[in-house]
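Quick notes on the structure that follows.
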Amino acid sequence: MFGLQMLDVMIGLVFVYVLLALACTAANEIIAGVLDSRTKNLRLGINNLLGEVPVTMLQRVKTFAGRTPSKKIPNSLVDKFYAHPLIKTLNEDGTPPSYIPPATFALAVIDMCVPAKGTGERKVEDFAAGVVTELKQYPDLQQNLLILIDESGKDMSKLKSNLEGLFNNAMERVSGWYKKKTQIPLFLFATFFCLLSNADTIQIAKSLYNDGALRSALVAQAQEYAKKPATTTASGSNDPSQSLTQTVGDIKKLGIKFGWDHEAWQALKADWQKNEWPKEWPFRLMGILITALAVSLGSPFWFDTLNKLVNIRAVGKAPTDKTALDANPPQAAQGKI
């Protein structure tokens with residue numbers, strides 16, 4: 001009984017973490033959208049993939065001041081790539097894309113070296129000649145493409161597949177960069193959000209442990225939530241604003257008291273007037289910090305944990321009792337197959 005009670009408390013806590021992490025992730029994505037963080041991160045990935053060092057703002061200022069030559073800035077390979085019609089069609093209101101399909105990347109790179117003539121006669125040998133002549137200033141990229149050309153065996157479809165593989169491998173690293181960059185902002189936002197909402201892990205755990213009705217209701221909600229596809233829960237919605245609104249609504253349905261009530265502020269005020277340090281506040285701040293650290297791990301982590309805990313709770317006792325086995329013998333023992 002005690003073990004099941006503690007398991008239910010854990011399920012309730014993890015469910016709270018899932019929803020809070022989803023809310024913080026959605027809010028963080030809204031900010032990232034305003035700052036075009038994904039677009040800029042993709043641009044850095046394309047720079048790295050095409051073997052070109054990105055031009056810094058200081059270099060641009062020096063160029064306008066006439067202190068450095070301006071050849072590489074307007075005529076860079078990356079600028080040429082983004083100016084290609086296949087890539088420009090992915091722009092939204094003049095803003096460069098935050099995602100490029102691998103097949104589109106492959107076709108754009110091929111066309112940059114061997115422009116299409118509409119005859120359908122482009123061959124691997126033509127692309128190889130274009131790589132040698134057009135990419136002299138980019139030896140690393142040139143060598144990488146020549147390796148892919150050799151691996152294609154003069155098969156144009158195999159070459160396109162190789163280019164798509166090169167792009168996909170690069171984008172995996174780009175995704176890793178983005179996650180690392182967003183980890184600190186996500187933690188800071190989670191800390192602010194948890195402070196604002198008074199999301200105290202210690203108090204939530206106490207409430208779940210002492211209130212059986214609340215614990216049962218939260219476990220029931222968690223079990224229903226765990227049945228949803230991961231794409232609509234752990235990953236959130238494609239629209240961060242919609243995801244944030246929906247998640248806040250789910251948090252309100254939990255039945256847990258969030259926010260700073262009048263009694264807490266009055267108690268704090270009374271302690272300060274007595275020149276006494278509020279004894280409970282260090283623990284409250286510790287609980288909020290624990291929540292922020294947990295939330296910063298992300299909703300996919302906690303959704304996966306929630307599923308595991310729900311599955312553990314759903315597992316019944318194994319039929320090891322000899323009497324039960326004698327009363328219901330296996331089919332093989334009865335001569336059935």
Side-chain angles (χ1 to χ4, degrees), residues 6-33 35 37-38 41 171-209 215 218-219 221-238 240-254 256 258 283-313:
M6 292 304 300
L7 179 60
D8 286 351
V9 170
M10 291 176 62
I11 291 175
L13 268 177
V14 170
F15 185 40
V16 171
Y17 291 158
V18 169
L19 295 181
L20 291 177
L22 272 174
C24 290
T25 300
N28 196 47
E29 284 297 316
I30 292 174
I31 297 174
L35 299 176
S37 298
R38 287 190 178 276
N41 197 62
M171 290 305 102
E172 287 182 7
R173 293 194 299 273
V174 170
S175 297
W177 298 344
Y178 185 77
K179 288 180 180 179
K180 288 181 180 179
K181 290 178 181 178
T182 58
Q183 196 64 39
I184 294 178
L186 181 60
F187 171 71
L188 295 176
F189 190 85
T191 303
F192 172 77
F193 185 80
C194 292
L195 278 170
L196 188 66
S197 61
N198 189 22
D200 181 354
T201 289
I202 298 175
Q203 292 300 320
I204 295 173
K206 286 182 179 179
S207 298
L208 290 174
Y209 183 79
R215 185 172 64 249
L218 210 61
V219 169
Q221 292 182 55
Q223 289 173 328
E224 288 298 317
Y225 197 84
K227 295 177 183 178
K228 297 181 181 180
T231 54
T232 60
T233 52
S235 301
S237 169
N238 290 330
S241 300
Q242 180 183 354
S243 178
L244 179 60
T245 303
Q246 180 180 348
T247 305
V248 170
D250 291 335
I251 292 174
K252 291 180 179 178
K253 296 177 184 177
L254 292 176
I256 296 176
F258 288 106
F283 296 98
R284 177 166 294 189
L285 292 176
M286 183 186 302
I288 292 174
L289 180 60
I290 292 172
T291 308
L293 288 170
V295 168
S296 66
L297 293 176
S299 56
F301 172 81
W302 289 115
F303 184 74
D304 183 57
T305 304
L306 178 65
N307 272 282
K308 292 178 180 178
L309 291 175
V310 169
N311 289 335
I312 291 173
R313 192 181 190 278

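Every heavy atom of this structure was used, including side-chain atoms; hydrogens, water molecules and symmetry mates were not. Nothing here was measured: the structure is a model prediction, and the numbers come from that model.
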Can you check whether [Y]'s main-chain N or O pairs, donor with acceptor, with [X]'s side chain at less than 3.5 Å?
| X | Y | result |
| --- | --- | --- |
| N311 | N307 | yes |
| T291 | A199 | yes |
| Q221 | G12 | no |
| W302 | A294 | yes |

- Please lay out, stage by stage, how Y17 and L297 fare under the test side-chain contact (heavy atoms from CB on, under 4.5 Å). CA-CA 9 Å; Y17 291 158; L297 293 176; over 6 Å; no
Looking at [X] and [Y], what are the two nearest heavy atoms and their distance?
| X | Y | result |
| --- | --- | --- |
| Y209 | R215 | O-NH1, 3.1 Å |
| D200 | G287 | OD1-CA, 2.9 Å |
| F303 | A226 | CZ-O, 4.1 Å |
| G298 | A21 | C-CB, 3.9 Å |
| A222 | L306 | CB-CD1, 4.0 Å |
| V295 | C194 | CG2-SG, 4.5 Å |

- Query: After noting the C-alpha distance and the side-chain angles of L208 and D8, does the key distance pass the side-chain contact (heavy atoms from CB on, under 4.5 Å) rule?
  - Reply: CA-CA 8 Å; L208 290 174; D8 286 351; over 6 Å; no
From [X] atom [atom1] to [Y] atom [atom2], the distance as rounded to the nearest 0.5 Å:
| X | Y | atom1 | atom2 | answer |
| --- | --- | --- | --- | --- |
| T25 | L20 | OG1 | CG | 10.5 Å |
| L186 | K179 | CG | NZ | 12.5 Å |
| T182 | W177 | OG1 | CH2 | 14.5 Å |
| N28 | S296 | CG | OG | 11.5 Å |
| S299 | L19 | OG | CG | 9.5 Å |
| I288 | I202 | CD1 | CD1 | 9.5 Å |

- Taking only residues two or more places apart in sequence or in another chain, which ones pass side chain to side chain donor-acceptor pair (under 3.5 Å) with K181?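 K181 satisfies side chain to side chain donor-acceptor pair (under 3.5 Å) with N41 once adjacent residues are dropped.
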- Considering residues at least two apart in sequence or located in another chain, which fulfil the side chain to side chain donor-acceptor pair (under 3.5 Å) criterion with E224?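 Partners of E224 under the side chain to side chain donor-acceptor pair (under 3.5 Å) test: K227.
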Heavy atoms, side chains only, cut-off 4.5 Å: are [X] and [Y] in contact?
| X | Y | value |
| --- | --- | --- |
| L289 | T201 | no |
| S207 | I256 | no |
| V310 | Y225 | no |

- Item | Contacts of K206 that satisfy salt bridge (charged side-chain N to carboxylate O under 4.0 Å, His left out) - sequence neighbours left out |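 With sequence neighbours excluded, K206 shows a salt bridge (charged side-chain N to carboxylate O under 4.0 Å, His left out) to no residue whatsoever.
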- Please check if atom CE in M10 has more than 12 non-hydrogen atoms from other residues, nucleotides or ligands closer than 6.0 Å.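 Result for CE/M10: open.
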- Task: Kindly determine whether N198 and R284 satisfy side-chain contact (heavy atoms from CB on, under 4.5 Å), including the steps that lead there.
- Result: CA-CA 9 Å; N198 189 22; R284 177 166 294 189; 3.8 Å; yes
- Is the F193 ring parallel, tilted or perpendicular to the F189 ring (thresholds 30°, 60°)?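 The arrangement is parallel - the two ring planes meet at less than 30°.
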- Kindly determine whether I11 and L218 satisfy side-chain contact (heavy atoms from CB on, under 4.5 Å), including the steps that lead there. CA-CA 8 Å; I11 291 175; L218 210 61; over 6 Å; no
